Amino acid sequence: MWAFVITGAVSLLAGAVTGVVGLLRRSRGERLWLAATILLSVGLLGLVSGWLLSEPNPNRGEALKTGGLAAGAVVALYALWLNDRKRRTDEQRHDVERLRQDLESERTRHDRERVADERFARAVELLGNPAGQVRVGALHVLAGVARSRPEYTQTVLDVCCAYLRWPFDRSGAVDLGEQQVRLTAQRVIADLLPRTADETPGTPHYDLNLTGADLQYFDISERVVGELTLRRANLHESNSLWSCHVHGDAWFTAARSHGILHADDVVFERKAWFSGFTADSRVRLARVRYLGPTKFDGARFPGAPGIGEDSPG
């Protein structure tokens, strides 16, 4: 009986000391904690069994069984601690892996942004190249940048509009190469604008500033536009705004249509200013919806001063 008690006490003391050492020596902590658990379980087995055996008429089998249960509880607690530690280690590993993936995704995104910035800057630089085919290629590169990086769309549209605002002399022999570049810029604008058929409440509204621009066969039919500015613009041949949905102000002040202008079924959500607009040929404005203030002061359409056969009456 006393042998059990002494053995148990010594084992408990040794287990406690080993556990403290395990806390201090993290490099070998797991081995020391395992040793401490074994010593503590042996100590409890000895103490509990010896205590029960010291009772009058002890039942040796029950005493050993109870001591074994006490020792098993220590082992079970150690197993639970190991499982909890493994779970926390797995969670930390997953957190580290997720952080690594986030960093990798951020690095990839940064690389894409850097490449897009470089492509954009290079394309804008090439728009000043004297070779027309180089400028056409630069416009297609800009369109590609806008498609891959939607946040560039408004900037690319601004660049294309700025190119079309650049002076273009039609009084003499027309530079066919430059004309092709300008037609490409117009197509890029049309391609980047959202279509009315796909319009939702979240559809972006991109602005077009074409003040003083020289346009020919400009076609943004069935497109969604933010603010549309065509002040003092010159429209040649045939141009179309058919079924456009203009969410911002629309400015046609002092613009001139030298050919046909198709603008049936346009929706103007805000201002639609045609002050001083001049049409040398047919203008189609059937079923246009003016939802904001509209002004036609000084506008001239074919057929009668101030109004044409296809203009609003």
Side-chain angles (χ1 to χ4, degrees), residues 154 157-158 160-171 182-183 185-190 192-196 199 203-313:
Q154 182 62 66
L157 288 170
D158 290 342
C160 291
C161 289
Y163 191 91
L164 293 171
R165 292 198 303 269
W166 199 257
F168 182 55
D169 186 8
R170 291 181 179 271
S171 60
R182 300 178 73 85
L183 290 173
Q186 293 178 178
R187 286 195 297 271
V188 169
I189 291 173
L192 292 180
L193 291 176
R195 293 184 176 274
T196 53
E199 186 175 9
T203 298
H205 305 155
Y206 298 117
D207 299 333
L208 299 180
N209 184 358
L210 292 163
T211 301
D214 186 282
L215 305 174
Q216 181 181 23
Y217 301 116
F218 183 58
D219 186 358
I220 54 171
S221 300
E222 299 183 288
R223 297 299 196 276
V224 179
V225 184
E227 183 172 283
L228 178 60
T229 306
L230 284 161
R231 290 189 179 99
R232 301 186 305 280
N234 283 284
L235 310 177
H236 299 274
E237 301 296 341
S238 177
N239 298 273
S240 181
L241 309 174
W242 170 70
S243 286
C244 266
H245 191 173
V246 184
H247 287 266
D249 294 335
W251 305 98
F252 296 84
T253 310
R256 184 161 197 155
S257 177
H258 300 272
I260 301 174
L261 177 60
H262 301 275
D264 292 339
D265 301 297
V266 177
V267 178
F268 293 106
E269 293 280 352
R270 298 176 62 179
K271 290 180 181 178
W273 240 243
F274 289 85
S275 301
F277 176 84
T278 301
D280 296 334
S281 185
R282 186 172 57 173
V283 177
R284 300 189 60 85
L285 290 168
R287 299 176 301 279
V288 175
R289 296 173 61 192
Y290 301 96
L291 305 182
T294 306
K295 183 179 287 188
F296 283 87
D297 289 355
R300 292 186 297 167
F301 294 88
I307 189 168
E309 59 177 342
D310 293 305
S311 66

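All values reported here derive from a predicted model rather than from experimental measurement. Quick note: numbers below take in every heavy atom, side chains included, and nothing from hydrogens, waters or symmetry partners. All residue numbers in this chain count up from 1 along the given sequence.
The two atoms that bring Q154 and Y206 nearest to each other are OE1-CA, 3.3 Å, heavy atoms only. The minimum heavy-atom distance between P302 and A279, with the atom names listed, is CD-O, 3.6 Å. A pairwise comparison of heavy atoms in S243 and T196 identifies O-CG2, 3.6 Å as the closest pair. Pairing each heavy atom of P194 with each of T203, the nearest pair is CB-CG2, 3.6 Å. Scanning all heavy atoms of the two residues, the minimum distance from E227 to W251 falls at CD-NE1, 4.1 Å. Taking each heavy atom of V246 and G226 in turn, the nearest pair found is CG1-O, 3.5 Å.
Remark: side-chain polar atoms of R300 are not paired, donor with acceptor, to backbone N or O of F277 under 3.5 angstrom. Between the side chain of D265 and the backbone N or O of W242 there is no donor-acceptor pair closer than 3.5 Å. Side-chain atoms of T294 come within 3.5 Å of backbone atoms of G292 as a donor-acceptor pair (strictly under, hydrogens ignored).
By the 30° and 60° cut-offs, the orientation of the rings of F268 relative to F274 is perpendicular.
Among L215, D214, N234, the single residue meeting the side-chain contact (heavy atoms from CB on, under 4.5 Å) criterion with F168 is D214. For the pairing with D249, the salt bridge (charged side-chain N to carboxylate O under 4.0 Å, His left out) check across R231, R270, K271 returns one residue only, R270.
Annotation: side chain of L210 is not in contact with side chain of T229 (no heavy-atom distance under 4.5 Å). A heavy-atom distance below 4.5 Å is found between the side chains of I220 and C244. A heavy-atom distance below 4.5 Å is not found between the side chains of V266 and R289. When side chains are defined from C-beta on, L193 counts as touching L157, because their heavy atoms get closer than 4.5 Å. With contacts defined as side-chain heavy-atom distances shorter than 4.5 Å, the pair Q186/I189 does not qualify. Residues L208 and V225 have side chains in contact (heavy-atom distance under 4.5 Å, counting atoms from C-beta outward).
Of the N and O atoms on the side chains of H245 and E269, at least one donor lies less than 3.5 Å from an acceptor on the other residue. No side-chain N or O of N239 forms a donor-acceptor pair with one of H262 less than 3.5 Å apart. A donor atom on one side chain and an acceptor atom on the other are found under 3.5 Å apart for H247 and E199.
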Practice item. Mind running side-chain contact (heavy atoms from CB on, under 4.5 Å) on R284 and L261 for me, showing each step along the way? Key: CA-CA 6 Å; R284 300 189 60 85; L261 177 60; over 6 Å; no
Point to revise | Intermediate values then yes/no, side-chain contact (heavy atoms from CB on, under 4.5 Å), T278 and S257 | key: CA-CA 6 Å; T278 301; S257 177; over 6 Å; no
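Counted within 6.0 Å of CZ on R287, heavy atoms from surrounding residues, nucleotides or ligands total more than 12; the atom is thus considered enclosed. Within a 6.0 Å sphere centred on CZ of R170, other residues, nucleotides and ligands contribute more than 12 heavy atoms.
One distance of note links CZ of F296 with CZ of F301; it measures 5.0 Å at 0.5 Å rounding. Expressed to the nearest 0.5 Å, how far CG of D219 lies from OG of S240 amounts to 4.5 Å. Between atom CH2 of residue W273 and atom CG of residue L228 there is a gap of 15.0 Å, rounded to the nearest 0.5 Å. With values rounded to the nearest 0.5 angstrom, R232 atom CZ is found 6.0 Å from T211 atom OG1. Separating the CZ atom in R223 from the CG atom in L241 is a distance of 11.5 Å, to the nearest 0.5 Å. Rounded to the nearest 0.5 Å, atoms CZ (R165) and CG (N209) are 4.5 Å apart.
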